[in-house]
Protein chains: 2
Amino acid sequence: MAGRADALSIGLNAVIVAVTGEVPRVLTVEPPKLALPDQAGRTAKWAETPYALPFGPFEPRRHRTLELGLRSWVDEQTGLALGHVEQLYTYADRNRDPRELAGGPRVVSIGYLALVREDAPQEDTKSEWCDWYDFLPWEDWRAGRPPWVDEVIRPLMWRWAESSSDEETRRGRGERVSIAFANNGAAWDPVRLLERYELLYEAGLVAEAERDRLLAKSRGRTGGRIGGLPHAERLNAIAATGRPMSLDHRRILATALERLRGKLNYRPVVFELLPEDFTLFRLQRVIEALAGAELHKQNFRRLVTNTRLVEATGGRESGGRGRPAKLYRFRRDVLLERPAPGIGMPAPKQPD
Amino acid sequence: MAGRADALSIGLNAVIVAVTGEVPRVLTVEPPKLALPDQAGRTAKWAETPYALPFGPFEPRRHRTLELGLRSWVDEQTGLALGHVEQLYTYADRNRDPRELAGGPRVVSIGYLALVREDAPQEDTKSEWCDWYDFLPWEDWRAGRPPWVDEVIRPLMWRWAESSSDEETRRGRGERVSIAFANNGAAWDPVRLLERYELLYEAGLVAEAERDRLLAKSRGRTGGRIGGLPHAERLNAIAATGRPMSLDHRRILATALERLRGKLNYRPVVFELLPEDFTLFRLQRVIEALAGAELHKQNFRRLVTNTRLVEATGGRESGGRGRPAKLYRFRRDVLLERPAPGIGMPAPKQPD
DNA sequence: AAAAATAATACTCTCACAGAGCATTAGTTA
DNA sequence: TAACTAATGCTCTGTGAGAGTATTATTTTT
């Protein structure tokens, strides 16, 4: 019925997120060895990326549903107790996985977002919690607008957009760049994170783009060209666009964070990342970490208390300097009261 | 490598949406024959559902990406020019497809939402545009709160929630029902459409639940029980919860509409359903059709004009009764100006 | 041709809420 | 005891949504 070339396999990729202190983290593992010798017999450079998302195969025989499959191998491999779990997206682009080129099956990959509490168990040695902004540095605006976004990325993206010889393409790219990177005085939307990563990839400004280009070239494909920007400037920008990941894992990561940022607006997901009791300031810090933007402290407190999203436990936090903060907990009953309880994604301050 | 039981196949299901006049429509086809004789040799009743979503297999050999695969067979089968296309969700529950029970492969199904303009081409004879509220009648609040939601569905859902013998389950169900069906004076959230369908399914108040229960029973499974509500009342409610669809297609439909309703808020997707030029009132009607709720006319106009989402073409609409309306078109430039341009989902008016 | 009906369009009032800043309180540290 | 730090309380302001009233431009009816 299905020949060799129709072989399919389904993989489940998890973006497992936690926040420790003010650092949003994602669990990474060492990637499987993907290196295929190129035509000259050398092992390609792109095989060396040290970060991958945890991955497990979907086994129809064992797994009743996709989510159960995911939970099952995450549990086996990490022992983490996943809280909120959410399916993100299914990727099946040809040659997503270079092993396909060597005759492997078409790998369909289903991305998942999973949240765990800070006080989560140990980590084993094969995995590592990384600051997610190491992979997406342009998304952290907590210390203000990152200057090199304005100075390097944005100008390059514009040049890329305008470098196309096709009128229609130029217009389309210009529109997308403008929206994603907030050009014409528009506001930077923290949620439009995936589009930004995809544009950077298309323009050849992230390491994976270069990797895939080289791979295609070494295989003698003509599709390996990245139009527009000079090689040297691309490499220069790549040095600033953060760590690469294996395969398309950084795209999956971007999808996850976009979803998470978006969801903050209308669903009380933050509380999945916090311990039972927390101070309002802690809550604020976690949201800022996720949103990559700072919040006005007083307004933030007004928001969460007015909307009755939290309630005081009666306890207070000891230890720190300054006036001790009251402890709060999530008020589950908001779910019964408000249609879409969430905490808004702040637009990062524009230095006008 | 993979035994028989590990066989996999991937299907692409499309929810193709258009709005004609004030009627939101979805393209349906006649389902494939799924009937399996039960143990007594009879053909099960659930095989008779006349509506299915258009479906096509994903063929790794032919299709470079999932979306291209979808577009390709939709084009072949219907000739429709799809506008906006968006992946929804991937379903792989065991026994989703009863053919699996007869030794077929595990069918993984990827749902897509696609929008087409009203002035779309012909339809062929094998497909039919149906009012989507025929499948989800409780979601249409344009003529006010549907009385039987209050009188039939809600009380039954509460009884179901409280019928569990397990304290924890009761609490969980109560919360979900309360949120989804807006019980304690909470507002009915038009977007929470999928959760409502899923709850109705779990409570056995949609035809598919009964169908699956009978199927499981005929196969001698014990999982076929639906706890809580008496059979007669369930059947009574089922008569009011709209037309069933093949397999889990109604769930996919619900996913699609939830996504579409949600997206209206922050992305100008409506315009994918409208012709180039339209009157504001037409735009309003389309949004009302999607949202299943009525809008305040004056405020609506203020919103779309103030936010500069549309611009006057200069033309006017001839023909109708009353003062002729100006024609407008979508102002693509909003995309450059505003971070998340959309038209809000109205909360349907609550009586009193 | 005038009156009635039908829609479109304009304007006002009110309330909720977000953004920004100032002021006060309750602790810790020097 | 003073200085410092952080939490908490309060005000002012602008924007946008919800609701209602009034006016204008057409078609239909009489």
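Since the model is a prediction, treat every value here as computed from it, not as a measurement. Every chain is numbered from 1, with letters handed out A, B, ... down the list of sequences. Atom set for the values below is all heavy atoms of this structure, side chains included, hydrogens, waters and symmetry mates excluded.
A donor and an acceptor atom never sit less than 3.5 Å apart when one is taken from the side chain of B/Arg302 and the other from the base of C/dA10.
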Pairs under 3.5 angstrom, nitrogen or oxygen only, protein versus nucleotides 1-3 of chain C, please.
none

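To the nearest angstrom, C1' of D/dT11 lies 11 Å from NE2 of A/His296. Protein atom CD of A/Glu317 is 18 Å distant from nucleotide atom P of C/dA26, rounded to whole Å. Distance CZ (A/Phe300) to P (D/dA7): 12 Å, rounded to an integer number of Å. Between the CG atom of A/Leu309 and the P atom of C/dC17 there is a distance of 13 Å, given to the nearest Å. Between the CG atom of B/Asn306 and the P atom of D/dG18 there is a distance of 14 Å, rounded to whole Å. The distance from atom CZ of A/Arg308 to atom C1' of C/dA16 is 17 Å, rounded to the nearest whole Å. As a whole-Å value, the separation of A/Glu294 CD from C/dG19 C1' is 15 Å. At whole-Å resolution of the value, CG in A/Leu327 and C1' in C/dA26 are 15 Å apart.
Between A/Leu280 and A/Thr305, the closest side-chain pair of non-hydrogen atoms falls below 4.5 Å.
A/Asp333 pairs by the side chain to side chain donor-acceptor pair (under 3.5 Å) definition with nothing, not counting sequence neighbours. Scanning for side chain to side chain contact (heavy atoms under 4.5 Å, CB included) contacts around B/Gln298 gives B/His296, with sequence neighbours left out. In this structure B/Val85 satisfies the side chain to side chain contact (heavy atoms under 4.5 Å, CB included) test together with B/Glu67, B/Leu70, B/Arg71, B/Leu82, B/Tyr112, B/Ala114, sequence neighbours excluded.
A distance of 9.5 Å separates OH in A/Tyr197 from OG1 in A/Thr255, rounded to the nearest 0.5 Å. Rounding to the nearest 0.5 Å places CG of B/Leu295 at 4.5 Å from CD of B/Glu288.
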What pairs of donor and acceptor atoms, side-chain ones from residues 18-25 of chain B against any protein atom, are under 3.5 angstrom apart with sequence neighbours left out?
residue: B/Thr20; atom: OG1; partner: B/Arg25; partner atom: NE; Å: 2.5
residue: B/Thr20; atom: OG1; partner: B/Arg25; partner atom: NH2; Å: 3.4
residue: B/Glu22; atom: OE2; partner: B/Arg285; partner atom: NE; Å: 3.2

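Among A/Arg176, A/Arg251, A/Arg173, the one residue that satisfies the salt bridge (charged side-chain N to carboxylate O under 4.0 Å, His left out) test with A/Glu198 is A/Arg251. With A/Glu311 as the partner, the salt bridge (charged side-chain N to carboxylate O under 4.0 Å, His left out) test is satisfied by one option alone out of A/Arg332, A/Lys326, A/Arg329: A/Arg329.
Among the protein residues, B/Lys297 comes within range of the nucleic acid bases, having at least one heavy atom under 4.0 Å from a base atom.
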Inset, instruction - Going 5' to 3' through nucleotides 22-30 of chain D, assign each nucleotide B (protein heavy atom under 4.0 Å from a base atom), S (under 4.0 Å only from sugar-phosphate atoms) or - (no protein heavy atom that close). - result: --BBBSS--
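In the set D/dG18, C/dA8, C/dA18, D/dG18 carries the atom at the smallest distance from any side-chain atom of B/Asn299.
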